[in-house]
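Worksheet for the structure shown next.
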Amino acid sequence: MSTATALRTFPDVRADFPGLTPGWHYLDTAATAQKPQAVIDATVNAMGRDYATVHRGVYARSADMTLAYEAARRRIAGFIGAKEEQIAFVRGATEAINLVAYSHPNKGRVLMSVLEHHSNIVPWQLAGWQVDVCPLTEDGCIDLDAAEKLLTPEHTMVAFAHVSNVLGSPLDVARAADLAHRVGAELLIDGCQAVPRLPVDVAALGCDYYAFSGHKLYGPTGIGVLWSDKLDRLPPWQGGGSMIDRVTFEKTTYAPAPTRFEAGTPAIIEAIGLAAAVEYVEAIGIDAIHAHEVALVASLREQLSRKNSITLFGRENSAGIVSFAMAGVHPHDIGTILDESGVAIRAGHHCAQPLMEHLGVPATARASFGVYSNDDDVAALIDGLARVERIFG
């Protein structure tokens, strides 16, 4: 399918998103996605009309809310090809990675890559792992040939991003899993940028842990998912109510997974909202979303490549994300001037300072797409960049 055909045939869903006010071009979905009305309605109803606590109440509304909360778990699990008992609700991918880093019983060496988000670097350092770093290929992908040479039996974990939040470059997760398992290591995947735009089947991928945040998947903030078919092997990370079996002053025993990882009153409203977001995405179709974003990336990169002042980063077929620099103009200035034109992009190091050092720049400008993005957004960005050139020219 051609770029023009893909853009023309994708449904116009902008009216579903009340945050997308007329004349505003939102190109920062990789940071956080706008919310469809269906998600807003689900969270409002959960917070108001339907609200009660879960798991503990013996009254009817509590029982109904418990059913809704666990139904949300099933819906979200099904979205990534998982079983409901294999996913734990956490505050976000950051907490999911911290959970594994701190709880894992075999802290040894962890292999990560140059392009990782800080949330897939700092937790391992804080938890006392020994960090090794895998380089990138020339087009900005994790170099799995190099990873194969770097991995040793001392490595107990490999932690890679499924899709780079700066370059949009995808990972061959199945091959990464095979390489990790050959040396007896496990593979954790940061799926924050992949889950909203790529089909994800955790069983087929072969990884051991998969983490993602709800707010990038058109859902609420404050909730994320940690998937693993090995959750029962991890000890609890945080203690409190709900995650216990029996408590005495002499000894406490813990609930099975995933409950043992959900201490305290859970994110009830957020889980229901995330399930509504999954339902919304499934109604459009993840394959259609991916094709739409691929077409937008192709269109934007082609137009940016005509500008001599622009340096593009990453591969041609990046997943929903385009990072670039303009000669003589700091990305923050680009972002500020674009904002005056009603175009919202991200400018900075994108919580990926090691990658910025690798690219030889202090920061980049980043445009990222979502289900609501269209060619008008691309045109507005190109027009805005022309204004930047005139101001700094």
Side-chain angles (χ1 to χ4, degrees), residues 14 17-35 115-119 140 161 163-169 192-193 196-197 213 215-216 218 221 293 296-315 318-393:
R14 285 180 65 88
F17 293 83
L20 297 177
T21 52
W24 192 52
H25 302 274
Y26 185 70
L27 292 170
D28 197 21
T29 299
T32 194
Q34 295 292 318
K35 317 307 174 193
L115 58 69
E116 301 306 321
H117 190 282
H118 295 167
S119 293
V163 171
S164 166
N165 73 307
V166 176
L167 304 176
S169 47
C192 285
Q193 300 298 339
R197 53 180 54 92
S213 293
H215 70 101
K216 298 180 192 294
Y218 310 98
T221 56
E293 292 190 3
L296 288 167
V297 165
S299 175
L300 177 56
R301 289 186 70 97
E302 192 276 329
Q303 293 182 66
L304 289 176
S305 68
R306 300 177 199 165
K307 294 180 175 290
N308 293 331
S309 62
I310 296 290
T311 299
L312 282 162
F313 301 103
R315 60 192 297 175
S318 58
I321 296 169
V322 178
S323 282
F324 61 93
M326 179 179 285
V329 187
H330 194 281
H332 288 167
D333 293 325
I334 296 173
T336 299
I337 294 169
L338 287 175
D339 182 48
E340 294 170 355
S341 301
V343 179
I345 67 163
R346 180 55 57 108
H349 56 65
H350 316 295
C351 294
Q353 288 177 318
L355 178 56
M356 295 298 109
E357 183 176 353
H358 169 79
L359 296 175
V361 294
T364 70
R366 183 187 71 186
S368 53
F369 299 111
V371 295
Y372 35 67
S373 305
N374 57 32
D375 48 8
D376 289 341
D377 297 320
V378 174
L381 174 58
I382 295 300
D383 288 345
L385 290 174
R387 180 167 179 258
V388 175
E389 288 177 315
R390 289 194 297 271
I391 290 172
F392 283 88

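- The pair Arg14-Asp377 counts as a salt bridge, with a side-chain nitrogen and a carboxylate oxygen less than 4.0 angstrom apart.
- Remark: side-chain polar atoms of Gln193 are paired, donor with acceptor, to backbone N or O of Ala30 under 3.5 angstrom.
- A donor-acceptor distance shorter than 3.5 angstrom exists from the side chain of Lys216 to the backbone of Ala31, with no hydrogens or angles considered.
- Here the straight-line distance linking atom OG1 of Thr29 with atom CD of Gln34 works out to 7.0 Å at 0.5 Å rounding.
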Fill in: Worked check of side-chain contact (heavy atoms from CB on, under 4.5 Å) between Leu167 and Arg315
CA-CA 7 Å; Leu167 304 176; Arg315 60 192 297 175; over 6 Å; no

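- Side-chain contact between Leu381 and His25 is absent, with no heavy-atom pair separated by less than 4.5 Å.
- Side chains of Ser299 and Gln303: a donor-acceptor N/O pair is present below 3.5 angstrom, by distance only.
- Contact detail for Phe369 and Leu300: the closest heavy-atom pair is CZ-CD2, 3.9 Å.
- Here the closest heavy-atom approach between residue Tyr218 and residue Gly370 is recorded as OH-CA, 3.3 Å.
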Worksheet entry | Derivation and outcome, side-chain contact (heavy atoms from CB on, under 4.5 Å), residues Val166 and His117 | CA-CA 9 Å; Val166 176; His117 190 282; over 6 Å; no

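- Each of His332, His118, His358 was compared with His349 under the ring-ring contact (aromatic ring centres under 6.0 Å, His included) criterion, and only His118 meets it.
- The backbone N or O of Gly19 lies less than 3.5 Å from no partner atom in the side chain of Tyr26, so there is not a single donor-acceptor pair.
- In plain terms, the two heavy atoms of Lys35 and Pro18 that are nearest each other are O-CD, 3.6 Å.
- For Ser164 (side chain) and Ser169 (main-chain N/O), no donor-acceptor pair under 3.5 Å exists by modelled atom type.
- For Gly140 against Leu115, the heavy-atom pair with the smallest separation is O-CD2, 3.6 Å.
- Inter-residue side-chain proximity for Ile382 and Leu304 is flagged as met; some heavy-atom pair is nearer than 4.5 Å.
- In this structure, Val297 and Ile321 approach most closely via the heavy-atom pair CG2-N, 3.8 Å.
- Between Asn165 atom CG and Leu355 atom CG the span is 8.0 Å, to the nearest 0.5 Å.
- Within the 3.5 Å criterion, the main-chain N or O of Phe313 finds no donor-acceptor partner in the side chain of Ser323.
- Side-chain contact between Val388 and Asp333 is absent, with no heavy atoms from C-beta onward closer than 4.5 Å.
- Across all non-hydrogen atoms, the minimal contact from Arg366 to Asp28 is NH2-OD1, 3.4 Å.
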